[in-house]
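Data first, discussion second: the structure below is written as structure tokens.
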Amino acid sequence: MAEWQRFAKLLRSCSKYSLLDQGKQIHAAVEKMGFGLDLIINNDLIDMYGKCSRSDMACVVFDKMLERNVVSWTALMGGYLQQGNAKASLSLFYRIGSSEVRPNEFTFSTNLKACGFLGIPENGMQLHVLCLKTGFEDIPVVGNSIIDMYSKCRRIEEAAQMFDIMPYRNLISWNAIIAAYTHEGHGSKSLLLFQRMQEQGEIPDEYTLGSTLKACSGLGALQEGIQIHASLITRGFPISVQTIIASALVDLYVKCRRLPEARQVFNQIERKNVISWTAIIVGYAQEGSLQEAMDLFRQFRETGIRVDGFVLSSIMSICADFALVEQGKQVHSYTIKIPSGLDTSVSNSVVDMYLKCGLTEEAERYFEEMPVKNVVSWTVMITGYGKHGYGKNAIHLFNKMQSQNIVPDEVTYLAVLSACSHTGLIEESWEHFSGLLNDPRIKPKVEHYACMVDLLGRAGCLKEAKNLIENMPLEPTAGIWQTLLGACRVHRDLEIGSEVGGILLRVDGDNPVNYVMISNIYAEAGEWRECERVREVMKVKGLKKEAGRSWIEIDKEVHFFYGGDESHPLTERIREVLKKMERKMKEEMGYGYGVKFALHDVEEESKEESLRVHSEKLAIGLGLVCGGLEKGGEVIRVFKNLRVCGDCHEFIKGLSKVLKKVFVVRDANRFHRFENGVCSCGNYW
DNA sequence: CTAGGGTTAG
């Protein structure tokens with residue numbers, strides 16, 4: 001074997017296992033040995049850097065080359081794509097046209113994938129037409145990529161059509177179309193195709209079984225999933241060595257909320273990979289066992305398996321959901337040290353984490369610095385602005401993203417609409433709502449209408465809101481009726497309220513939240529008998545609402561509180577400081593219990609609980625005990641799984657005034673920033 | 001030498 005071939009071989013294994021440091025060493029050796037101008041070696045270098053999420057270094061190699069072929073171009077595109085930078089790949093594709101290099105099936109395939117990544121069907125269709133004209137469409141790799149591209153662009157009909165007319169269908173074509181149906185939520189169609197392919201003599205591989213299992217988890221079809229699990233064993237695919245299938249199986253059990261079974265499968269896997277670890281970590285986090293989830297992440301890192309963008313985004317989103325500021329910062333600083341930390345999806349989850357933890361400035365700074373922003377990046381930031389009460393900023397960003405040719409999707413519209421309605425920007429709301437209805441790329445969803453119902457509801461236009469629901473071209477969901485019911489409550493409209501309540505119980509009669517809301521409406525109107533009746537039905541049905549829980553992070557440790565909780569070691573001091581604060585507020589501004597506030601809210605907390613100390617108050621108390629009493633100290637940040645109660649809201653407002661401190665409370669709905677006796681939510685929450 | 005299907009973020 002010639003010497004250059006040995007280098008090539010080494011580089012390819014670095015590519016395969018994403019070994020960046022070794023790759024760099026070989027790169028240095030290659031230069032030293034005088035192979036720096038070799039075409040194939042340079043192509044391998046580009047590929048290696050790309051696979052290691054370092055397309056910046058791949059680009060350096062590419063730029064220095066005197067002679068480039070189609071492989072050089074395609075490998076560079078692949079590298080950009082790896083990092084989530086689909087646009088860079090496509091712009092290279094257009095640049096190829098002005099060189100003497102002709103794209104081949106690999107080039108088309110890579111860029112079809114890029115189009116799928118961007119999710120813009122028009123882009124992909126253009127490329128599809130080009131494939132058709134150049135005859136590349138018939139090549140299986142390209143055809144399969146076209147199926148996948150349409151699937152990612154949510155064009156399942158086009159994907160199916162491509163599959164139907166393909167002259168050379170292979171296993172991957174079947175896998176692609178099955179995955180497409182699964183992705184689209186048509187799990188039963190996937191199971192049907194799974195059967196048909198076997199009838200046609202195609203042998204499913206781990207990908208097929210993986211997609212089919214995923215279809216089962218989407219359908220919540222635990223039984224069918226278990227059947228596949230069983231047939232895996234009888235067909236001779238032992239879980240222990242079939243890492244990919246096993247990971248899908250872990251995912252199935254996680255989605256079906258069978259964590260013990262998931263863990264059992266996970267434990268059986270001999271060579272766990274990133275996907276297996278990601279699936280189980282997400283599983284624990286979803287069940288609320290974040291300690292175990294973070295512990296598994298630590299164990300995962302100790303294995304030395306390469307941490308990729310997927311697992312990092314997942315971990316970061318756990319930190320965001322539980323508002324673990326310190327842990328989130330730690331993971332963030334960890335992402336900076338590894339190449340896949342540059343991936344767009346990781347950066348998106350970092351921004352989201354800072355926003356959900358209430359650190360708006362950090363989020364803004366990081367967002368600005370992001371070299372590549374996709375539609376998710378913008379949407380995250382718009383959502384964050386909305387939740388923090390910065391409606392104007394949200395709109396500004398929405399306009400800015402479009403001026404940069406980023407196409408908003410339905411989630412983006414949802415973000416901007418909810419930002420407008422939450423911050424009372426009435427005209428802007430309607431403007432963007434009609435923008436949405438006139439945008440041919442967007443299928444309006446019930447959630448969009450719900451934003452408008454919320455807006456009308458806030459303004460007290462309850463009849464109009466109800467009309468909107470009844471006349472929209474979509475089936476109303478429980479959620480949109482809940483929005484309207486909430487508005488009826490604020491405006492104390494018993495007539496529409498009880499009507500909507502009746503509808504709600506018909507369509508969603510097993511959700512405790514509905515009963516609590518309805519009974520509160522009756523309670524506030526003094527209709528005690530009706531109130532009792534609703535509570536009784538709830539009791540008979542055995543429904544219990546979610547317990548209110550608040551938490552605060554102090555010195556990287558999270559302290560949880562339930563209402564009336566006395567389990568915290570500092571309970572006595574917490575009670576003491578809360579009493580002291582109440583006295584102080586009474587003296588200085590007349591705050592006290594028994595005062596009926598304009599928006600007295602017992603919606604999420606039952607009557608018994610409201611007599612005890614609410615969880616958010618306890619968490620605030622701990623924050624005060626742990627150094628929060630000094631003036632000019634850090635902002636106190638508290639989090640609650642439900643909505644903050646009106647009484648506590650008033651209490652914190654007072655605190656912010658007498659202590660001259662800032663408090664930020666994230667509840668299930670939005671952020672409340674209290675400063676000098678005023679809350680950013682403007683009392684409507 | 002480059003590629004296609006499975007896990008992630010709003």
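Just so it is clear, the values below take in all heavy atoms, side chains as well, and ignore hydrogens, waters and symmetry mates. Chain letters run A, B, ... following the sequence lines, proteins first, then strands; residues in each count from 1. Bear in mind that the values here come from a model prediction, so they are computed numbers and not experimental data.
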Show the atom names and distances, to 0.1 Å, of all donor-acceptor pairs under 3.5 Å that link a side chain in residues 265-272 of chain A to residues at least two apart or in another chain.
residue : atom : partner : partner atom : Å
A:N267  : OD1  : A:R263  : NE           : 3.1
A:N267  : ND2  : A:R263  : O            : 3.4
A:K272  : NZ   : A:I269  : O            : 3.0

With heavy atoms under 4.0 Å as the rule, sort [X] into base, sugar-phosphate or nothing.
{"X": "A:A179", "value": "sugar-phosphate"}
{"X": "A:D205", "value": "base"}
{"X": "A:T110", "value": "sugar-phosphate"}
{"X": "A:S109", "value": "sugar-phosphate"}
{"X": "A:T412", "value": "base"}
{"X": "A:K373", "value": "nothing"}
{"X": "A:V411", "value": "base"}
{"X": "A:S247", "value": "nothing"}

Base [N] paired with [X] side chain (donor-acceptor, <3.5 Å):
{"X": "A:N175", "N": "B:dG6", "answer": "no"}
{"X": "A:S314", "N": "B:dT8", "answer": "no"}
{"X": "A:N43", "N": "B:dC1", "answer": "yes"}

Inset, instruction - Answer with yes or no after comparing the ring centroid distance for A:F62 and A:W73 against a 6.0 Å cut-off, counting only values under it. - result: yes

Inset, instruction - For A:Y207, enumerate each residue passing the ring-ring contact (aromatic ring centres under 6.0 Å, His included) test, keeping only those at least two apart in sequence or located in another chain. - result: none

Inset, instruction - Would you please classify the geometry between the A:Y390 ring and the A:Y385 ring as parallel, tilted or perpendicular, with 30° and 60° separating the classes? - result: perpendicular

Legend entry - A:K113 side-chain N/O to B:dT2 phosphate OP1/OP2 under 4.0 Å: no

